[in-house]
Amino acid sequence: TESPDTTRDASVAQPAPYFELPDIAGKTVTSSDFFGKPVAITFWTTWNPIATDQIRILDDVVRKDTRDLFTIVAISSQEDKSAVSTFINRGGYEVGVLLDESGAVTEAYQARMLPATYFLDKEGVVREMVTGILSEQRLLERIEALLR
């Protein structure tokens with residue numbers, strides 16, 4: 001089997017960069033775990049108020065999605081586990097959070113302005129990238145487009 005290309009940057013219409021990151025419970029999650037359904041990946045930080053607003057919106061969408069047709073994951077960029085865990089636990093958030101403590105995955109995706117959300121189709125190909133906050137409606141519109 002081919003080894004994943006972790007040096008490739010995220011570009012629209014190209015396969016998303018591969019990653020392996022721990023969640024806040026310490027379980028390793030890989031980008032290929034999400035194949036099979038569309039995924040929205042949001043890069044964020046706890047110290048950026050706009051990014052934390054985006055987490056609340058992502059969490060609302062996750063809580064309302066009973067169909068389980070897509071995945072939403074939030075990747076915390078360059079923060080230690082304790083800060084992220086405290087934020088998530090204090091807010092009671094259910095959205096899946098991964099830890100990119102080194103910032104290597106954030107860099108591979110070229111996520112320079114946070115929050116940054118990447119929309120991948122079910123094969124893991126980047127279909128769109130949006131910087132800044134996305135309303136629940138705009139987020140759902142983009143996910144629905146991937147489900148068509």
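Keep in mind the model is a prediction, meaning the values are calculated, not measured.
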*Begin from the C-alpha positions of Ile72 and Ile143 and carry the test side-chain contact (heavy atoms from CB on, under 4.5 Å) through to its verdict.*
CA-CA 10 Å; Ile72 293 177; Ile143 290 169; 4.2 Å; yes

*Does the side-chain contact (heavy atoms from CB on, under 4.5 Å) test come out yes or no for Glu20 and Thr30, once each step is laid out?*
CA-CA 4 Å; Glu20 285 183 24; Thr30 69; 3.4 Å; yes

*Evaluate the side-chain contact (heavy atoms from CB on, under 4.5 Å) criterion for residues Leu99 and Leu21: first the C-alpha distance (whole Å), next the side-chain angles of each, then the deciding distance (0.1 Å), finally the verdict.*
CA-CA 6 Å; Leu99 303 167; Leu21 292 171; 6.0 Å; no

*What's the verdict on side-chain contact (heavy atoms from CB on, under 4.5 Å) for Tyr93 and Leu58, showing C-alpha distance, side-chain angles and the deciding distance?*
CA-CA 9 Å; Tyr93 298 117; Leu58 296 177; over 6 Å; no

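If you take CG on Leu69 and CG on Leu146, they are separated by 12.0 Å, rounding to the nearest 0.5 Å. If you take OG1 on Thr86 and NZ on Lys81, they are separated by 11.0 Å, rounding to the nearest 0.5 Å. From Ser77, atom OG reaches atom CZ of Arg112 across 11.0 Å, with rounding to the nearest 0.5 Å. Distance check, rounded to the nearest 0.5 Å: CD1 of Ile88 to OG1 of Thr52 gives 10.0 Å. In this structure, CZ in Phe19 is found 5.0 Å from CZ in Phe34, a value given to the nearest 0.5 Å. Distance CG/Leu139 to CD/Glu144: 10.5 Å, rounded to 0.5 Å.
There is a path of hydrophobic side-chain contacts, each under 4.5 Å, that joins Val29 to Ile41. The hydrophobic cluster containing Met129 does not contain Ile133, counting ILVMFWY residues as joined when their side-chain heavy atoms lie under 4.5 angstrom apart, directly or transitively. The hydrophobic cluster containing Leu98 does not contain Ile24, counting ILVMFWY residues as joined when their side-chain heavy atoms lie under 4.5 angstrom apart, directly or transitively. Hydrophobic clustering (side-chain heavy atoms under 4.5 Å, transitive across Ile, Leu, Val, Met, Phe, Trp, Tyr) keeps Val39 apart from Val95. Note: the hydrophobic cluster containing Val73 does not contain Leu140 (ILVMFWY, side chain heavy atoms under 4.5 Å, direct or indirect links).
For the side-chain contact (heavy atoms from CB on, under 4.5 Å) with Ser76, the lone residue among Val84, Ile55, Thr45 that qualifies is Val84. The one candidate from Arg63, Lys64, Arg56 that meets the salt bridge (charged side-chain N to carboxylate O under 4.0 Å, His left out) condition with Glu94 is Arg63.
In Leu147, the CG atom is crowded: over 12 heavy atoms of neighbouring residues, nucleotides or ligands sit closer than 6.0 Å. A 6.0 Å sphere centred on NZ of Lys122 holds no more than 12 heavy atoms belonging to other residues, nucleotides or ligands.
The two residues Ser32 and Tyr18 make their nearest non-hydrogen contact at OG-CE1, 3.9 Å. Taking every heavy atom of both residues into account, Glu101 and Asp80 meet most closely at OE1-CA, 3.4 Å. Closest approach of Pro17 to Ala108, counting heavy atoms only: CG-O, 3.8 Å.
Under the 3.5 Å distance criterion, the side-chain polar atoms of Gln54 are matched with a main-chain donor or acceptor of Leu134. Judged purely by atom type and a 3.5 angstrom limit, Asn48 uses its side chain to pair as donor or acceptor with the backbone of Leu114. With Asp53 contributing its side chain and Ile57 its backbone, the two residues share no donor-acceptor pair below 3.5 Å. With Asp65 contributing its side chain and Val62 its backbone, the two residues share no donor-acceptor pair below 3.5 Å.
We find that Arg138 and Glu128 are not joined by a salt bridge, their nearest charged nitrogen and carboxylate oxygen being 4.0 Å or further apart.
Ring pair Trp44/Phe87 is tilted by interplanar angle, where 30° to 60° counts as tilted. Ring orientation note: the planes of Tyr109 and Phe43 are tilted relative to one another, at an angle of 30° to 60°.
Side-chain contact of Glu79 with Thr46: a donor-acceptor pair under 3.5 Å is present, judged by distance alone.
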